[in-house]
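Have a look at the structure below, then the notes.
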Amino acid sequence: MEKAGKDFYMKSALELARALLGCLLIHRTEDGICAGKIVETEAYMGTKDKASHSYNNRRTKRTETMFGPSGQAYVYLIYGMYHCMNIVAAEPDNPQAVLIRALEPIDGLDLMAYRRYSKSLSDCSRKELLNLTNGPGKLCQAMKITIKNNGESLTGNSLYIVKQGTPKASDIITTTRINIAYAEEAVHFPYRFYIKNSPYVSVRDKAEELKAGR
């Protein structure tokens, strides 16, 4: 397995969103190491994408990370309590990013269970296991990714991506993004991608899966 270098992130958010599927997201913290396979992503295409924080070149204290070099973590709070992790794509001043929407937990599951449910993995139900990391806020809690990681380079040894190979095109579902009703025509953009057979996907699109021949 190979850690992703700077060149891996130097592509559009649409390209990166697909390339990240199947990769491992790893976080080394003082209390242990956790890893999860990326199974769902969303692309946010910057200044012309009404769903993007950087739409219309909106440059604020929160969005500044999006305008920086690719390969940085862009982490923010929603509802004042849940963190979401994005990965900055493209070149500086082209503020695109990919939201990590869901992971398949691979390593450190006991630690993830404690962080999510305050109990050991052995005490978790199957439903709780499937819910460990099947959403952007959930995976950040399980992986201990917080606003402190905002702006952190993913080429370091703490928070990083390991490449494992992109799934076959026939195994990837392309559909619209989640919870962006405010974004007018952008709600219809097919900028969400997921591995169709993964039980850890946050929201499935049955119609698109049928089209893909499932």
Side-chain angles (χ1 to χ4, degrees), residues 3-21 23-27 36 38-103 135-141 143-156 158-163 174-194 202:
K3 183 191 294 186
K6 291 182 180 180
D7 290 347
F8 176 75
Y9 304 103
M10 278 290 294
K11 49 179 67 80
S12 76
L14 279 173
E15 293 176 282
L16 184 59
R18 281 181 165 270
L20 284 165
L21 291 176
C23 292
L24 292 182
L25 174 63
I26 298 175
H27 195 199
I38 299 172
V39 298
E40 183 181 359
T41 58
E42 286 182 343
Y44 289 85
M45 292 297 289
T47 60
K48 295 183 180 180
D49 180 357
K50 290 182 180 178
S52 176
H53 289 172
S54 59
Y55 171 65
N56 204 25
N57 213 40
R58 188 184 301 116
R59 195 162 188 163
T60 66
K61 183 177 179 179
R62 182 173 80 160
T63 65
E64 188 62 30
T65 300
M66 293 185 73
F67 289 82
S70 60
Q72 294 187 98
Y74 170 45
V75 185
Y76 57 86
L77 273 172
I78 57 172
Y79 311 125
M81 58 190 301
Y82 301 114
H83 291 93
C84 292
M85 179 187 171
N86 299 251
I87 297 176
V88 178
E91 63 277 358
D93 294 321
N94 184 3
Q96 301 180 21
V98 176
L99 173 66
I100 309 301
R101 276 205 61 89
L103 302 174
K138 296 174 186 179
L139 72 88
C140 281
Q141 184 181 11
M143 298 283 286
K144 202 176 183 179
I145 296 169
T146 72
I147 200 75
K148 293 179 180 179
N149 299 108
N150 184 47
E152 182 174 343
S153 172
L154 299 179
T155 61
S158 173
L159 182 64
Y160 56 94
I161 297 291
V162 169
K163 296 190 288 185
T174 301
T175 185
T176 53
R177 294 171 291 187
I178 306 297
N179 296 330
I180 57 165
Y182 57 87
E184 299 179 353
E185 72 276 4
V187 300
H188 303 296
F189 295 170
Y191 288 176
R192 181 166 70 102
F193 308 93
Y194 68 83
S202 66

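- Under the 3.5 Å distance criterion, the side-chain polar atoms of Thr155 are left unmatched by any main-chain donor or acceptor of Gly71.
- Remark: side-chain polar atoms of Lys3 are paired, donor with acceptor, to backbone N or O of Gly156 under 3.5 angstrom.
- Here Arg58 contributes atom CZ and Ser52 contributes atom OG; the two are 8.0 Å apart, rounded to the nearest 0.5 Å.
- Among all heavy-atom pairs drawn from Ile100 and Thr41, the shortest one is CD1-CG2, 4.3 Å.
- A donor-acceptor pair under 3.5 Å links the side-chain atoms of Ser54 to the main chain of Pro95, judged by distance alone.
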Practice task
Might you work through the side-chain contact (heavy atoms from CB on, under 4.5 Å) test for Arg59 and Glu64, ending with a clear yes or no?
Solution key: CA-CA 6 Å; Arg59 195 162 188 163; Glu64 188 62 30; 2.9 Å; yes
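- Annotation for Met143 and Leu103: closest pair CG-CD1, 4.0 Å, computed over non-hydrogen atoms.
- Using a 4.5 Å heavy-atom cutoff, the side chains of Glu91 and Met10 are in contact.
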Practice task
Determine, stepwise, if the pair Met85 / Leu25 fulfils side-chain contact (heavy atoms from CB on, under 4.5 Å).
Solution key: CA-CA 11 Å; Met85 179 187 171; Leu25 174 63; 3.9 Å; yes
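- Side-chain atoms of Arg192 never come within 3.5 Å of backbone atoms of Thr175 as a donor-acceptor pair (strictly under, hydrogens ignored).
- Between the CG atom in Leu77 and the SG atom in Cys84 there is a gap of 8.5 Å [rounded to 0.5 Å].
- Within the 4.5 Å cutoff, the side chain of Gln72 has no heavy atoms near those of the Glu152 side chain.
- Asp49 contributes no side-chain N or O that, together with a main-chain N or O of Gly46, makes up a donor-acceptor pair within less than 3.5 Å.
- Cation-pi geometry between Lys11 and Phe8 is met: the NZ or CZ atom falls under 6.0 Å from the ring centre, inside 45° of the normal.
- Taking both residues in full, the closest heavy atoms of Ala186 and Ala51 are given as CB-N, 4.0 Å, listed atom of the first, atom of the second, then distance.
- Lys163 NZ to Leu24 CG: the interatomic distance, rounded to the nearest 0.5 Å, is 13.0 Å.
- When atom types are taken as modelled, the side chain of Thr63 and the backbone of Met66 share no donor-acceptor pair closer than 3.5 angstrom.
- Glu184 places no side-chain N or O within 3.5 Å of a backbone atom of Lys50 that could act as its donor or acceptor partner.
- The distance from the CG atom of Asn86 to the CZ atom of Arg101 is 11.0 Å, given to the nearest 0.5 Å.
- Contact detail for Phe193 and Leu14: the closest heavy-atom pair is CZ-CD2, 3.9 Å.
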Practice task
Could you go through the side-chain contact (heavy atoms from CB on, under 4.5 Å) check for Asn150 and Tyr74 one step at a time?
Solution key: CA-CA 5 Å; Asn150 184 47; Tyr74 170 45; 3.6 Å; yes
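- Heavy atoms only, all atoms of each residue included: Ala73 and Leu159 are closest at CB-CD2, 4.1 Å.
- Between Ile180 and Phe189 the shortest side-chain heavy-atom distance does not fall below 4.5 Å.
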Exercise for the section: Start with the C-alpha gap between Arg18 and Thr174, add the side-chain angles, then the distance that decides, and say whether side-chain contact (heavy atoms from CB on, under 4.5 Å) holds. Expected result: CA-CA 9 Å; Arg18 281 181 165 270; Thr174 301; 3.0 Å; yes
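- Residues Tyr55 and Thr47 approach most closely at CD1-O, 3.1 Å, considering heavy atoms.
- Between Ser153 atom OG and Asn149 atom CG the span is 12.0 Å, to the nearest 0.5 Å.
- Put simply, the side chain of Met45 reaches to within 4.5 Å of the side chain of Ser12, judged on heavy atoms.
- No salt bridge links Arg177 with Glu42; every basic N to acidic carboxylate O contact stays at or beyond 4.0 Å.
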